[in-house]
Amino acid sequence: MAHCWTGIPLILIYLPASAFTVQIKNVYFIDEVKGVNLTVPKEIGGTGWAWEWTPHHGRSERVRIAQVKLGDPDYSVYSWNWTSEINCDHFEAGAQGNIFIKPVFENAGLFTFRQIKPNNKVLAKFEVYAFKFFPFFWDPVKVGTDVTRVCTISRVKESMKVQWKHNEEPSSATQFNFNTTTTFLMIQNVQELSAGQYSCSLQINQTVLYSVHNTIRLEAPSQPAHYTLYRDTANQSKVQLYCSTQTSHNTVAWSWKAQGSNSATRRIASANRNQPAEISQSTHFWGRVRPMERVSGQSLALHIAPVTFQDAGLFFCDADSREYMSVTLITLQVSVEPSGGLSVGEEVRLTCTVSEVYETFQLTWLKDYSRTMLISKQETLTPSGAVRSLTLVIPSIQTHHQKWACAVFQGNIPRAFLPLRLEAKERHISVGFLGLIVCIGLFLLISVAALVFLMRRKCTRAQTCLGKEQTHINTPERNHRNKTSDLDIYDNVENIYENC
């Protein structure tokens with residue numbers, strides 16, 4: 001890349017070199033919104049300087065952005081020589097050595113302004129943090145849908161915490177940290193209470209360092225719609241179904257069709273104009289469904305809790321027997337093997353299963369590393385494929401293998417998040433059982449020792465008797481019996497053993 005040169009007047013004040021501590025100043029900007037200007041000390045001294053940059057993205061170490069020097073022969077001109085490996089379009093030269101950082105997320109990092117002539121010393125340091133929202137623009141959302149918002153910060157130190165707030169209060173919606181720098185906010189079944197201002201705050205302890213804001217607005221009832229909801233079958237999960245029409249109708253009803261093309265459609269609840277809602281007893285939802293507030297003839301909302309894995313399917317809202325809108329419900333469940341209590345050191349299998357795959361997504365197992373969650377295993381599921389589950393094997397579970405989560409991602413956005421906590425205990429042997437083992441061991445040891453002693457004693461006596469009889473056999477009186485057979489000798493030996 002060609003060098004970028006800029007000439008700017010400079011007022012210099014020379015100071016004697018002295019040792020001093022340079023404090024890091026934190027600076028913040030929002031991606032694609034507004035950049036920041038880094039202002040150097042007024043009394044900088046020297047004749048040559050440099051800007052250095054350590055990016056937060058970690059793809060490169062500290063690099064020199066530009067060298068700055070007095071012009072020759074005009075010493076009132078401040079000349080910039082940009083490093084060729086740096087995209088100088090991301091930065092702009094400012095007056096008196098200042099530098100402007102354009103609002104590009106990748107520009108975040110530690111910036112150092114250093115004197116290089118006549119000596120080398122650091123004059124200023126700036127830690128520049130970048131914030132990024134996804135989506136960048138927040139369009140109005142339909143009542144009843146699920147919404148995920150993403151806040152990414154270029155760097156989050158161990159002493160820092162990221163928190164989502166709703167109208168200046170901690171949000172009750174699900175939020176979790178991912179890959180250290182990203183925090184997700186997942187709002188289920190958006191309703192009127194969900195609307196308002198949301199802020200993503202970077203803080204240390206309870207002190208907010210910086211925060212960015214945006215607003216969730218509700219979309220007015222319009223044309224019929226269809227959307228998909230994901231629900232887990234643990235933690236007393238719930239789902240709310242909202243049906244609101246623009247005009248009044250005699251009857252508004254919700255029906256359900258289980259997965260599979262051969263499944264029959266069944267009525268869950270209905271409401272006639274100016275009449276209370278009636279819940280059908282003919283479906284497996286009986287006892288778990290209740291009507292919510294409604295406008296007679298125009299809307300009917302249902303609350304189902306807890307959600308079961310078999311609740312997956314297609315829900316229809318009919319207005320005067322004509323389909324007005326529909327909702328697809330996909331359920332998730334997690335199983336742990338072995339299913340009983342877990343012991344440290346044993347193999348554990350975690351399986352996450354989805355009821356159906358209507359659209360391509362990534363089924364993911366996440367591991368909680370106290371400050372953030374990282375991907376342990378991930379697989380892409382497609383409607384045409386046969387895979388509906390993902391199994392993670394922990395070869396030897398330890399006490400720190402506690403927090404996991406199964407998640408459904410579409411691209412980089414989570415649609416479902418099911419946390420799981422495992423309790424692995426150390427194997428302890430009871431005192432009574434241990435005493436029994438010791439007693440059995442001692443009994444066996446004593447028995448073996450006694451048996452060996454008796455065998456050795458019997459063998460010793462047998463050898464003694466055999467020796468005496470052998471001496472008797474070898475006497476001259478015995479030797480003259482030349483015709484004695486070997487069988488007689490063996491018989492005598494046998495008699496000796498019997499006598500002993």
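Just the heavy atoms: all of them, side chains too, but no hydrogens, waters or symmetry mates, feed the values below.
T251 and N272 are linked by a side-chain donor-acceptor pair at a separation below 3.5 angstrom, with hydrogens and angles left out of the test. Between the side chains of T265 and S255, no donor-acceptor pair is found at a separation under 3.5 Å. In summary, the side chains of E106 and H90 do not present any donor paired with an acceptor at a separation below 3.5 Å, with no hydrogens or angles considered. For the residue pair H284 and D311, a side-chain donor N or O sits within less than 3.5 Å of a side-chain acceptor on the partner. There is a side-chain donor-acceptor pair under 3.5 Å between R273 and S248. Judged purely by distance below 3.5 Å, without hydrogens or angles, the side chains of H56 and S154 pair a donor atom with an acceptor atom. Residues T364 and Q378 bring a donor and an acceptor atom of their side chains to less than 3.5 Å of each other. Side-chain polar atoms of T328 and H226 form a donor-acceptor pair below 3.5 angstrom. Side-chain atoms of T391 and T351 include a donor-acceptor pair closer than 3.5 Å. At a cut-off of 3.5 Å, with distance as the only test, no side-chain donor of D318 or S321 sits close to an acceptor on the other residue. No side-chain N or O of T21 forms a donor-acceptor pair with one of Q23 less than 3.5 Å apart. Side-chain contact, S282 with S280: a donor N or O sits under 3.5 Å from an acceptor N or O. Judged purely by distance below 3.5 Å, without hydrogens or angles, the side chains of Q240 and Y242 pair a donor atom with an acceptor atom. Side-chain N/O atoms of T54 and E61 include no donor and acceptor closer than 3.5 Å.
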* Are T228 and V327 close enough, and set up right, to give a side-chain contact (heavy atoms from CB on, under 4.5 Å), and what steps lead you there? -> CA-CA 6 Å; T228 300; V327 177; over 6 Å; no
* **Steps toward side chain to side chain donor-acceptor pair (under 3.5 Å) verdict (T360, T382)** => CA-CA 5 Å; T360 299; T382 61; 5.6 Å; no
* Walk me through it: do V348 and L342 pass the test side-chain contact (heavy atoms from CB on, under 4.5 Å)? => CA-CA 8 Å; V348 176; L342 302 179; 4.1 Å; yes
* Stepwise side-chain contact (heavy atoms from CB on, under 4.5 Å) test for E426 and T399 -> CA-CA 8 Å; E426 297 283 355; T399 55; 4.2 Å; yes
* **Residues T331, Q333; criterion side chain to side chain donor-acceptor pair (under 3.5 Å); working and verdict** => CA-CA 7 Å; T331 54; Q333 67 179 7; over 6 Å; no
* **Full working for side-chain contact (heavy atoms from CB on, under 4.5 Å) between T152 and F105** => CA-CA 10 Å; T152 302; F105 189 83; 3.7 Å; yes
* Test log, rule ring-ring contact (aromatic ring centres under 6.0 Å, His included), inputs F316 and W254 -> CA-CA 6 Å; F316 303 92; W254 275 104; 8.9 Å; no
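Ring centers of W80 and W82: under 6.0 Å apart, within the cut-off.
When every heavy atom of A319 is checked against every heavy atom of T245, the shortest pair comes out as CB-CG2, 4.3 Å. A pairwise comparison of heavy atoms in L329 and S355 identifies O-OG, 4.5 Å as the closest pair. Nearest heavy atoms, V334 versus C406: CG2-CB, 4.1 Å. Annotation for T308 and T233: closest pair C-CG2, 3.5 Å, computed over non-hydrogen atoms. Nearest heavy-atom pair across R371 and M160 is NH2-O, 4.1 Å. Nearest heavy atoms, C243 versus M325: CA-SD, 3.9 Å.
Between the S171 side chain and the A173 main chain, a donor and an acceptor come within less than 3.5 Å of each other. Without hydrogens or angle criteria, D232 side chain to A234 main chain gives a donor-acceptor distance under 3.5 Å. Under the 3.5 Å distance criterion, the side-chain polar atoms of Q298 are matched with a main-chain donor or acceptor of Q246.
Here R231 pairs with D146 in a salt bridge; the nearest charged N to carboxylate O distance falls below 4.0 Å.
Note that K377 lies outside the cation-pi zone of W365, set by a 6.0 Å cut-off to the ring centre and a 45° limit from the axis. Both tests do not hold together for R62 against W53: distance to the six-membered ring centre under 6.0 Å, angle to the ring axis within 45°. Judged by the 6.0 Å and 45° rule, K102 forms no cation-pi pair with F100. In this structure, K25 fails the cation-pi test against F126, since its NZ or CZ atom is not both closer than 6.0 Å to the six-membered ring centre and inside 45 degrees of the ring normal.
Counting non-hydrogen atoms of neighbouring residues, nucleotides and ligands closer than 6.0 angstrom, the CD atom of Q398 exceeds 12 such neighbours. Counting non-hydrogen atoms of other residues, nucleotides and ligands closer than 6.0 Å to CZ of F309 gives a total above 12.
Proximity of S299 to V252: side-chain heavy atoms (C-beta onward) are nowhere separated by under 4.5 Å. Residues W51 and R64 have side chains not in contact (no heavy-atom distance under 4.5 Å, counting atoms from C-beta outward). Counting heavy atoms from C-beta outward, Y198 and I216 have side chains that approach closer than 4.5 Å. Side chains of K367 and S376 form a contact here, defined as non-hydrogen atoms less than 4.5 Å apart. The shortest distance between side-chain heavy atoms of L420 and L422 falls below 4.5 Å. Side chains of F91 and I101 form a contact here, defined as non-hydrogen atoms less than 4.5 Å apart. With contacts defined as side-chain heavy-atom distances shorter than 4.5 Å, the pair L332/T353 does not qualify.
Here the rule is ring-ring contact (aromatic ring centres under 6.0 Å, His included) with Y129, and of F29, Y210, Y28 only Y28 fits it. Just one residue in the list F184, F133, F176 forms a ring-ring contact (aromatic ring centres under 6.0 Å, His included) with W164, and that residue is F133.
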